[in-house]
Number of protein chains: 2
Amino acid sequence: MSPQRDQQMAAGAMPEQLGVGMRLSVHPHCDDFEEVILGALADVIGAGLSDDLLVETDEVSTYVGARTELAEERLAAFASALIAAAFRRCGAGHVVAHILLSRGCPGEASCHLDVAGLPETASVALEPTGIRAAAQWSLYPLLDGGSGQGDHMVHIEAAIAAAQARGVAACANHYATKLTGDLAEVLATVVDAWAQVGAVVPHVVTHLTVSVGSPSPAESRGRPAL
Amino acid sequence: MSPQRDQQMAAGAMPEQLGVGMRLSVHPHCDDFEEVILGALADVIGAGLSDDLLVETDEVSTYVGARTELAEERLAAFASALIAAAFRRCGAGHVVAHILLSRGCPGEASCHLDVAGLPETASVALEPTGIRAAAQWSLYPLLDGGSGQGDHMVHIEAAIAAAQARGVAACANHYATKLTGDLAEVLATVVDAWAQVGAVVPHVVTHLTVSVGSPSPAESRGRPAL
């Protein structure tokens, strides 16, 4: 057993016990989207970024489950590399990815945890990609009545403040916070926020729609004339 | 004031007060994706489906806010028609949409509601599209500690049972429920579940990734060999 694993077990439950993982889908906006997606997946697997992750692709998206130490960093690195590879493979074209990160609901339809404690997680460290991303991000601490974990908006507001301090949070949109910056930094911001709330609230989910290579201007295109 | 509106005000807060609306993004997997998206949007607006909705497009997605009676049905009809139009315009090709539906957080970063009560909402009625959709769906009742609204999984399990009774819920995936069926019926199922939880819990969000025209087989493609 590695020292890292020793440390994590001392601090709380293991990623697999907590159901730490994500669903993601990658959408290249090009005719040869199948080759782009399969090629990008091969790139990421070939680079060893799926090691220690469980990867299952279905008709709608891909599930990536974390089973070992450094769970959050492995998930973030996998997503960053996959989106960057798809972007390169479609000629720096428009690629959108949707990511759902979840923790605390290992049983899919039930989230009654039987674990010793919630782990503190170190911030993830990712190589910059050199690719500008624009994203919309929502964070859901799933509190229950009488749990004493307080107001869900308190956790969300703290996460947005942390993103602003990193220089990644651009502005509030309806139902989401807009994030801009290097693709890797956008992903690291979201994963860190999700893991940090997860040290206090057992079941935490976050959703991110991330866009690279968009032909739309960086500013809002405004309201269409209706 | 219409009789419908009279009835809704008597039953509780108006959609605009509750912040009833959605963000959606549509992803045609084809080289001429811009023409497809703009054309589909023009089709939907031309058909009058954006009447009484506030539509704002930005760099990442489109916000659609409901302001009047029949809010849920208007949102569902808009989304169904937009995805169907994009599917037709890219030659029955592969189109994925991501939809976030939200209610109970009108202030974007604050969700302290000042309303008389939560409305009961009638089920939405949509015309079938004739297009098979496969989707992954997650529902988040955002309860707070001490609110007495119970266990968030109770609401989620009831919503899944309702989807199963409609014949739309295919199976549980990690972090999501798979739905299959006519595009309109999939959307109606999700919107109805979200509105029904919204009659009890003030702040409710649901996310849906919906795919049409996918080249992937309907069965899981299984685990890639890693």
Side-chain angles (χ1 to χ4, degrees), chain A residues 21 23 25 27-31 33-34 41 45 50 55-61 63 65 94 96 98 100 102 105 108-111 134-136 138 140 142-153 157 160 172-176 178 205 207 209 211 214-216 218 220-221 223-224 226, chain B residues 21 23 25 27-31 33-34 41 45 50 55-61 63 65 94 96 98 100 102 105 108-111 134-136 138 140 142-153 157 160 172-176 178 205 207 209 211 214-216 218 220-221 223-224 226:
Chain A
R23 299 204 75 88
S25 56
H27 309 294
H29 291 64
C30 54
D31 288 348
F33 67 94
E34 285 185 86
L41 204 51
I45 292 167
S50 64
V55 180
E56 294 175 5
T57 296
D58 64 31
E59 189 184 358
V60 180
S61 65
Y63 163 71
H94 184 35
V96 174
H98 189 76
L100 178 173
S102 180
C105 199
E108 297 186 9
S110 163
C111 66
Q136 279 165 348
S138 303
Y140 306 117
L142 292 158
L143 310 179
D144 282 333
S147 62
Q149 295 149 342
D151 180 344
H152 69 282
M153 290 306 298
E157 285 161 16
I160 293 171
N173 291 149
H174 289 285
Y175 317 138
K178 184 172 181 185
V205 181
H207 281 256
T209 301
S211 168
S214 170
S216 298
S220 167
R221 284 189 284 179
R223 298 179 192 179
L226 298 180
Chain B
R23 300 205 73 88
S25 55
H27 308 294
H29 292 64
C30 54
D31 289 347
F33 67 93
E34 285 185 87
L41 203 52
I45 291 167
S50 64
V55 180
E56 294 175 6
T57 296
D58 64 30
E59 190 185 359
V60 180
S61 65
Y63 163 72
H94 184 34
V96 174
H98 188 76
L100 177 174
S102 180
C105 199
E108 299 185 6
S110 163
C111 65
Q136 279 165 348
S138 302
Y140 307 117
L142 292 158
L143 310 179
D144 283 332
S147 62
Q149 295 149 342
D151 181 343
H152 69 281
M153 290 307 298
E157 285 162 15
I160 293 170
N173 291 149
H174 289 285
Y175 317 139
K178 184 171 182 187
V205 180
H207 282 255
T209 300
S211 168
S214 172
S216 299
S220 168
R221 284 189 285 180
R223 299 179 191 178
L226 298 180

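First the proteins, then the strands, lettered A, B, ... as listed; each starts at 1. FYI, side chains are in, hydrogens and waters are out, and symmetry mates aren't considered; it's all heavy atoms of this structure. Since the structure is predicted, the reported quantities are computational estimates derived from the model, not experimental observations.
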Review point. With a 4.5 Å limit on heavy-atom distance, are the side chains of A:His94 and B:Glu34 in contact?
Key: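 They are not in contact (no side-chain heavy atoms under 4.5 Å apart), so the answer is no.
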Point to revise | Non-hydrogen side-chain atoms of B:Leu100 and A:His207 separated by less than 4.5 Å | key: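 SC-SC contact between B:Leu100 and A:His207 ruled out.
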Practice item. Using only heavy-atom distances, determine whether the side chains of A:Tyr140 and B:His152 contain a donor-acceptor pair under 3.5 Å. Key: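 No, no side-chain donor-acceptor contact under 3.5 Å.
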Point to revise | Region of A:Thr209 in contact with chain B, defined by heavy-atom distances below 4.5 Å | key: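 Contact with chain B: backbone and side chain both.
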**Study point:** Contacting moiety of A:His98, where chain B heavy atoms sit under 4.5 Å
**Key:**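 Interface part for A:His98: side chain.
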**Study point:** Interface residue of largest heavy-atom contact number with chain B, from A:Val205, A:Asp31, A:Val60, under 4.5 Å
**Key:**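 Going by pairs under 4.5 Å, I would pick A:Asp31.
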Point to revise | Choice from A:Ser211, A:Ser138, A:Ala135, A:Ser102 maximising heavy atom contacts with chain B below 4.5 Å | key: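 Among A:Ser211, A:Ser138, A:Ala135, A:Ser102, the one with the most close pairs to chain B is A:Ser102.
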Practice item. With a 4.5 angstrom heavy-atom cut-off, could you sort out which part of B:Val96 is near chain A: side chain, backbone, both or neither? Key: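 The side chain, not the backbone.
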Practice item. Select one option (side chain, backbone, both, neither) describing which atoms of B:His29 are under 4.5 Å from chain A's heavy atoms. Key: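 Both backbone and side chain.
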Check your understanding: Considering all heavy atoms of both residues, which atom of B:His27 and which atom of A:His27 are nearest to each other, and what is their separation?
Key ->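 Where B:His27 meets A:His27 most closely, the heavy atoms are CB-CB, 4.1 Å.
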Review point. Shortest non-hydrogen contact from A:Glu59 to B:Ser214?
Key: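 Heavy atoms only, the tightest pair is O-OG, 4.1 Å.
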Review point. Is the side chain of A:Tyr175 donor-acceptor paired with the backbone N or O of B:Gly21 at a distance under 3.5 Å, no angle test?
Key: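 Yes, A:Tyr175 side chain to B:Gly21 backbone: donor-acceptor pair under 3.5 Å.
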